[in-house]
Structure formats: structure tokens, C-alpha cells
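A, B, ... follow the sequence lines: proteins, then strands. Residue 1 opens every chain.
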Amino acid sequence: MRFSKLLIPTLKEAPKDAVLPSHIYLVRGGFIYQVASGIYDFLPLGKRVLDKVRTIVKEELDAAGCQEVQLGFVTPAELWKKSGRYEKYGAELLRFNDRKGNEFVLGPTHEEMMVELAARFINSYKQLPANLYQINLKFRDEARPRFGLMRGREFIMKDGYSFHADHEDMVREFGLMEETYRKIFSRMGLDFRVVEADSGAIGGEGSKEFMVLAESGEDTIVVCEGCDYAANIEAAKRAEEDEVPEAPEADLMKFHTPGVTSIEDLAKFFRVDPYYLVKCVAKRAVYDGGKNEIVLFFLRGSDELQETKAANSVGANELADVTEEELERAGLVPGFIGPVAIRRDPLAEEKKGQIYTAAKAPFEIKTLFDNSLKGASQMICGANEKDYHLVGVDLAVLEDERFDDLVQVKVGDKCRECGGKLAYTKGIEVGHIFQLGTRYSEPLDARFLDRDGKSKPFVMGTYGIGVSRLLAAIIEQHHDEKGSIWPSSVAPFEVVVVVGNVKDEEQLRAGERIYEELISRGVDALLDDRPERFGFKMKDFELIGFPCAVVVGKRLSEGKVEIIERDGLARAEASLEEAAEKAAEIVG
RNA sequence: CGGGGUGUAGCGCAGCCUGGUAGCGCGCCUCGUUCGGGACGAGGAGGUCGAAGGUUCGAAUCCUUUCACCCCGACCA
């Protein structure tokens, strides 16, 4: 290919609306162009990279025994209604009618369609297992698309679905896909972590995400400094703390705490560690069909609520904030909500002094407790009365209440695997694999006839890769202040042969010769034969980020050319004869 | 969806406050000179000033409405 014939509109200035390096360099390098919010055109260079990424994904999946198919992008709404997601998916699902008034949606994911396909053609256990995938366009009408290809509305995704006769076989395939994904991302030169993940609205039992480590990542992941443990913060767990702060000592009693409502103020007021305070987080849990209720989540004052865990725990689709007015209407006292009420012990009435017993909370609202409060004693909590807190509360009285893991792991918490320290890091989600089970096959009635002659729903797994997002993720990890630095495996071209001055016949001929030799060696090469000045072409090489440049210029008179590696910009001299070989070595 | 911001030539911007009929840099076209780090000179093409309505003799500029895009947050199989 000749640079002069290719449409590569590089830009000297960054588009004003781009903030991430990947976005800036993809636009400046002439890879992509924004058409509308979250929708991009791929120009020749971008398309080449996209195809290379796509090819790697396809090669590895095919090697793992998967079969590529392609499903319709426009899908009948009927299928979505059948699975119950037509309503549930919400505003992200772009709905529209055709000329006859039939309802359709633009596919944001294809569980429904793929299950339908499997149900139609897979009838027997003899056809199982099967793993079908596609690399296709998706559309999600995101509330807030951003960061170029990182979070688009229209994007390319590889989505795969496996069908099995039993759970065991699905788990085996899940493991195979994890291995396959590791190979795929390694081939792209990515530094990534496989993390335990929340299953989200798609449901399912086991789920892992593939996170490319990058500061600009939108996901926070928890990693252990001592072992391999890594998890999305939405799913991260920690070991129980064994070094706890010294407990305050007090008998159960009501304490006047005028205006003291925040955990911070309470800790100061009582001079106790927040570990001994009971924090209440009130949320409105929203369920299918818009049903909702107020739920109170109780945890230690030293912890924060992890909303995804909390929502999963009550089976809600989402948790919304609750206003103080709503709390008051529900009979609660904002700022002084506690899990128990206090009442005078009637038997103790006659005795001197004040003796109380804690009882269940005086309200009929769903409550959930974090595991760390199980059997906690010497706690301080709201008294459900304005300006009062209870001290010396023993939560053992809550034995039959519902406990669950609700807390967000903090930096410095202890690892469950090895006891090491947990830390935060940022990641870009480029892959996600789920053990789905029968979540879709059941409602969509996708069944097969098993060995024993019984009809059973498929046991499924589902596996996704954000193909277009990968372009952004790769640049986030491979760039410098001059531009992108593509790994050879996905570079738009592996080597660019820069002719210093095309009006110099000798230079042009030498450049063409090296270019031809590279091509015959199977190297994906580009000849920069544009009638531009030397510096201009070098800037483009650095901006676009071809892994290697062969510069044919001034020193050609001595039979020498220059070979520059993009990563680090190290230069080496080579004779005209050995240039192609050396360049091929660098990108090989 | 809440908060903030921006829309003027392909890109980046000035002009707006204080209304008088649109300008700069880059890019693009032609010619010439240059030719190892985004060259120089001369000439040129290109804009319903996001859209609609209003005020005014006159609106890029003032007022109203609306749309698009970006950022922070909420949300995100």
C-alpha cells in the first residue's frame, strides 16, 4: 500500500471534545471519526486495526472449537417480550416499528436470538455441547456515551453462547473460554487481570471479567498485593478483621445526642472508633414492573455500602436514593435510625436505676444486616427517636435477622485467600464470561432430548468481548506523548517505509525496493511516498504508531538506511540490503 | 436523569459584554522557492455564525424556545 493513495486524515490538533489518550490518538491518527454521540465511522486505518483484532478473536475461538454465525442486528420485539427483557432492559433498548407497524429493537446483546436459534436446530444431546458466536454490531442507547470507542452506543462485540446437557460440562467450557480469552488478550499485547465479577442483570452463578489495567479505566478492581486474588469492587470480598479497635464499654442505655447524625460526628461525640457504630443506609429498592420499597441496610460505621451487592441481596434491579421526607412518612427518624428499639424492662420497673432491653425495631420495613454485624456487641446505634442514640447495644438479639455481604472492600482490608493487603486499581472491561445456567433456556423454552429420553432446558454459558473497545484499551496501554504505539499483532501496518524526499529518484526506488522485499517476506508494509517534507512524515509515523519505520534518506548515498522502533524510538543503521530483514525481525 | 459547559469555514479558535452585514491559525487549490523533524512567498476556494421565533431601520452579538455535542455524577449484559 502507498500512503499517498490511502485516506489517512491525520490531525495536528486534538479534537476539543477528546480527553483520553486513546480517543485523542484514534481521532488525530485518522482511525475514526465521530458521526454522532457514541457513534463512529472507521476510516481505512481504523478498519484495518479492527479487522486484525477481529481476526485474532476468531482464530482463537475457532481453535477452541467455537463456530461463528451472524445474527440479525434488527431483532423482533416479540422475542424480547418472551424473555421479559423488553420492559426490563429499559431506555437503552432502541425500539422502533417497521412500515407495517411491527415492533423491532436494535440488538444490544443476543441471548434471545441465539437461544431461539439453538432451540430450533439443536434437538438432541448428541448435538451438544455447542458454542456459537458472532462478531457483530450492537446498539445500546447509553445514557452517557463517552471516551470515544471506550463507551459507544454503537459498537462491535463478540458475543458467544454455549449450550450443554449439564452443569458440569458448562463449567468445563467456562474454563476453556477463560483460557481462550487469556490467549486472545495476550496476543494483543495487553496487561490484564481476570477478576471475579458481579453477574449483574444478566444473572447466573459464576462470572469473570477481563480487565485491562489502565488509569483511565471506568471500573475499580480490588487486587491482592500478596496473591493472585482480583475482583471487581462490585463483587470483591475480604477476610474478617481480627485486629479490631478497642471496644467501648457501656451498659445498654439511651443517650441524648442532639443534632449528632453523621458517623463522623458520632465517633467524635462518643470518642469511639466508627467500627462500633451502626450505620444505616436507606435505599429504595426497585423491582420488576416498577414495584419498589424502602430497604434499610445496616453496617458498621467503618464500612461503606456496596450498592451492587445490596441490590443483589434484595433481588432489586436498582437502588434509588430516598429523601428524608419519604423516610419520615415511613415512620422513621432520619439521622437516628437504628435496628433496635429500647424498652423498659417491666420486671425491672421497681428496681432502682435504669435497666432496658433491646427489642426489634419499631417499624415494618425490610432490613438487611452486613455479616460483620453478626453477634456484634457494645455497638452504638440510632434510637429511632430524634436526638437519641443507644449505647451498649448487643446485636445478638438479631440472630434471626437476614445477614448478607453488603460492604465495599476498602484499601488495606485483608485478603481472604492469603491474608495479604488488598488494594484498588483501575481497569477497562474488555471481556466478560458468565455461567448462565438455564436463565434463558427455561423462559424461552429452549430444550433438547437427553440420553434418558427426557426433555431438558439447555445449560448455558455466555462469553463477550468488546471488540471495538479493545482498540481504545490497547492505546490506553500503548502510547506516549507523541501518539499510539501499536503492538505488531494489531498494528494497521507493521512497517512504514518512509521515503525522505520522493523527488529524489534514488530514494524513491530504494524505498520501493525495501517495501517490495518486506511484502515478499510477508510483512504488512506501507510505503510513505507522499510529497511531504521529512519531519512531516516522521510526525505521522509517530502519531499513527506503526511499530517500525525504515527511513530512506540522506545516508542512502552511503548505502545506509535507518530503522526506528516506535516503542522507545530507538534508531539503528542498516545497509540497504539488510533493511527489510532487520525490520521484519523487529515486528516478527 | 441531575449539575456544569460549548456550538462562528474541514480542524482549533477570536469577534458577542458596548448591535452596523464575519476574522485569525492550521488544512485545502494554483504557481514558484525549499527538501532530515509538522517549510516560505504570492494568489485563491470555502461560512444560512446549531435551529426557530422575537426586539430593532439593522442581530453572530440582545430576549425566548429548541436541538446537538462535551465534562462531572447517577446508570451501564
Pairs under 3.5 Å (N/O, protein and nucleotides 71-75 of chain B):
unit_1 : atom_1 : unit_2 : atom_2 : d
B/rC72 : OP2    : A/R144 : NH2    : 2.3
B/rG73 : N7     : A/R144 : NH1    : 3.3
B/rC75 : N4     : A/R146 : NH2    : 3.1

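When heavy atoms are screened at a 4.0 angstrom cut-off, A/K138 is found touching no nucleic acid atom at all. No contact: A/G500 has no heavy atom under 4.0 Å from any strand. Using a 4.0 Å heavy-atom criterion, one finds that A/E542 contacts the bases of the nucleic acid, with or without backbone contacts as well.
When distances are taken from the side chain of A/K503 to each of B/rC35, B/rG36, B/rC26, the shortest belongs to B/rC35. Comparing B/rC69, B/rG36, B/rG38 by their closest approach to the side chain of A/R153 singles out B/rC69. Taking the side chain of A/N501 as heavy atoms from C-beta on, and the options B/rC35, B/rC69, B/rG38, the nearest nucleotide is B/rC35.
The closest side-chain donor-acceptor pair between A/Y133 and A/N131, if any, does not fall under 3.5 angstrom. Side-chain contact annotation: A/T308 with A/D198, donor-acceptor N/O pair under 3.5 Å absent.
Annotation: cation-pi pair A/K81/A/Y86 present, NZ/CZ under 6.0 Å from the ring centroid and within 45° of its normal.
The residues A/R439 and A/E111 are annotated as not salt-bridged, no charged nitrogen and carboxylate oxygen being separated by less than 4.0 angstrom.
A/I39 places none of its side-chain heavy atoms less than 4.5 Å from the side chain of A/Q34.
The phosphate of B/rC70 (OP1 or OP2) has a side-chain N or O of A/S37 nearer than 4.0 angstrom. The side chain of A/Q34 contributes an N or O atom lying less than 4.0 Å from OP1 or OP2 of B/rC70.
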